[in-house]
Amino acid sequence: MSTRMLGRSGIKVSAIGFGCWAIGGPFTMDGKPDGWGEVDDRESAAAIHRAIEAGITFFDTADAYGTGHSETVLGRALAGRRDEVVIATKFGYTHDAGRRALTGEDVSPGYIRQACQASLRRLGTDRIDLYQLHVSNLPAGQAGDVMGALEDLVSDGLIRCYGWSTHDPERAAAFAAGPHCAAVQHPLNVFADAPEILAICEAHDLASVNNTPLAMGLLTGKYGAASRLPADDVRASQLWVEYFRDGRPAPEWLARLDAIRAVLSGGGRTPAQGALCWLLARSPRALPIPGIRTVAQAGQNAAAMSFGPLRDDEMAEIGRLLGR
């Protein structure tokens with residue numbers, strides 16, 4: 001139960017991965033903070049090492065996270081251990097590393113190759129295992145040109161397979177036609193199911209890489225009505241964030257967590273482990289990538305694999321409590 005296949009790529013990965021957004025540190029998008037605040041690079045490296053020791057082999061990052069800083073930290077931490085892990089990263093957002101700012105979008109074939117080569121340098125590797133289009137709302141009609149550029153990178157040995165990070169089923173289906181497409185990255189957690197995208201993954205033998213598996217931290221259970229996040233945290237700055245408003249947990253989501261907390265915590269699990277085990281039970285293609293930036297988080301999230309998927313009766317009870 002501790003490993004799964006990365007879609008039709010033939011690549012085996014840990015059933016739970018390591019999301020590297022937070023270890024990128026501060027950066028902005030549209031002039032607003034889009035990171036998770038200041039970060040300690042030494043703690044990030046220690047968390048990566050702890051994750052590997054605990055059985056995590058799948059690391060998901062992006063060139064946008066910290067405008068390259070996340071990839072750099074991950075690459076340094078994996079020095080000498082590259083063959084022990086599977087690396088996924090993303091492209092599509094242009095950025096200014098000096099200002100720590102995202103500056104726009106570019107999915108032209110020339111830029112995709114340039115971005116791939118830059119990511120390879122930061123990661124300190126000769127290949128990227130899963131290379132993902134990061135621009136979620138790119139018109140589906142442009143998917144063919146992007147796939148063509150990615151197939152060229154596969155032919156050149158720079159990437160092994162590719163996917164699209166999108167919440168839209170039409171876009172996910174468009175990319176699934178690519179010969180070396182292996183995954184769709186999309187939001188999925190116990191609060192927010194995604195049956196249409198999961199059906200596409202099943203039909204096309206793709207992995208479902210799950211971002212926001214812990215509802216941006218809400219499902220850890222550590223936030224309450226009085227919690228307030230700092231201004232440099234994405235959850236306090238970006239309007240698209242669903243589970244927090246103005247840096248405070250949204251009351252309606254706290255109420256839903258309270259309703260299912262006992263089930264998630266059954267059998268000695270923490271709420272976060274229960275939420276990850278829900279995903280493992282939701283689909284055999286699910287690959288949750290919870291954000292990790294401390295040694296403690298790495299150990300706790302990896303331990304969810306030892307519990308395995310929730311039982312059928314636990315899944316049914318959660319569905320009943322959430323009114324599904």
Side-chain angles (χ1 to χ4, degrees), residues 13-14 16-29 33-90 93 95-102 118-130 211-214 216-217 220-223 227-237 247 270 272-273 276 288-305:
V13 297
S14 56
I16 291 174
F18 186 121
C20 297
W21 183 3
I23 67 172
F27 68 103
T28 63
M29 183 176 192
D34 206 51
W36 297 66
E38 294 294 337
V39 67
D40 181 341
D41 291 346
R42 291 172 298 181
E43 179 72 11
S44 298
I48 291 166
H49 296 156
R50 176 70 184 97
I52 296 172
E53 293 164 3
I56 290 177
T57 63
F58 184 47
F59 292 82
D60 178 88
T61 184
D63 61 2
Y65 299 159
T67 59
H69 190 66
S70 176
E71 289 183 330
T72 299
V73 171
L74 180 61
R76 289 172 180 168
L78 294 178
R81 309 189 72 167
R82 174 63 181 94
D83 292 339
E84 299 177 42
V85 302
V86 174
I87 296 176
T89 192
K90 309 180 194 74
Y93 289 109
H95 50 85
D96 182 331
R99 294 192 293 117
R100 284 287 191 108
L102 303 187
S119 288
L120 289 168
R121 287 192 296 271
R122 285 187 292 265
L123 290 163
T125 184
D126 62 351
R127 80 278 185 194
I128 293 165
D129 298 302
L130 174 64
N211 58 40
T212 65
L214 299 179
M216 301 194 80
T220 63
K222 68 181 182 181
Y223 297 108
S227 300
R228 184 65 181 262
L229 296 166
D232 63 350
D233 190 305
V234 61
R235 295 168 292 182
S237 63
T270 66
Q273 289 167 341
L276 294 173
I289 49 168
I292 296 173
R293 56 176 167 178
T294 68
V295 171
Q297 289 172 346
Q300 291 165 9
N301 288 332
M305 291 187 287

Rounded to the nearest 0.5 Å, what's the gap from [atom1] on [X] to [atom2] on [Y]? Could you check?
{"X": "Asn211", "Y": "Trp21", "atom1": "CG", "atom2": "CH2", "result": "8.5 Å"}
{"X": "Leu78", "Y": "Ile52", "atom1": "CG", "atom2": "CD1", "result": "5.0 Å"}
{"X": "Cys20", "Y": "Ile87", "atom1": "SG", "atom2": "CD1", "result": "9.0 Å"}
{"X": "Ile292", "Y": "Gln300", "atom1": "CD1", "atom2": "CD", "result": "10.0 Å"}
{"X": "Asp34", "Y": "Asp232", "atom1": "CG", "atom2": "CG", "result": "12.0 Å"}
{"X": "Phe18", "Y": "Ile23", "atom1": "CZ", "atom2": "CD1", "result": "5.0 Å"}

Could you check if a side-chain atom of [X] sits within less than 4.5 angstrom of a side-chain atom of [Y], using non-hydrogen atoms only?
{"X": "Leu120", "Y": "Thr125", "result": "yes"}
{"X": "Tyr65", "Y": "His95", "result": "no"}
{"X": "Arg99", "Y": "Thr67", "result": "no"}
{"X": "Asp126", "Y": "Arg82", "result": "no"}
{"X": "Ile56", "Y": "Met305", "result": "yes"}
{"X": "Phe27", "Y": "His69", "result": "no"}

Closest heavy-atom pair and its distance - [X], [Y]:
{"X": "Arg293", "Y": "Ala22", "value": "CD-CB, 3.9 Å"}
{"X": "Ala298", "Y": "Ala51", "value": "CB-N, 4.0 Å"}
{"X": "Pro230", "Y": "Ala236", "value": "O-CB, 3.3 Å"}
{"X": "Glu43", "Y": "Thr294", "value": "OE2-CA, 3.3 Å"}
{"X": "Glu38", "Y": "Pro26", "value": "OE2-CG, 3.5 Å"}
{"X": "Asp129", "Y": "Val85", "value": "OD2-O, 3.9 Å"}

Is any NZ, NE, NH1 or NH2 atom of the basic residue among Arg228 and Asp233 found under 4.0 Å from an Asp or Glu carboxylate oxygen of the other? no

Identify the residue among Asp60, Val13, Leu130, Ile128 that makes a side chain to side chain contact (heavy atoms under 4.5 Å, CB included) with Val86. Val13

Quickly, which of Thr89, Val39, Asp63, Thr61 forms a side chain to side chain contact (heavy atoms under 4.5 Å, CB included) with Ser70? Name it, please. Thr61

Contacts of Ala304 that satisfy side chain to side chain contact (heavy atoms under 4.5 Å, CB included) - sequence neighbours left out: Ile16, Gln273, Leu276, Cys277

Under the salt bridge (Lys or Arg N to Asp or Glu O under 4.0 Å) test against Glu71, which residue among Arg121, Arg122, Lys90, Arg76 passes? Arg122

Got a donor-acceptor contact below 3.5 angstrom from the Arg50 side chain to the Val295 backbone? no

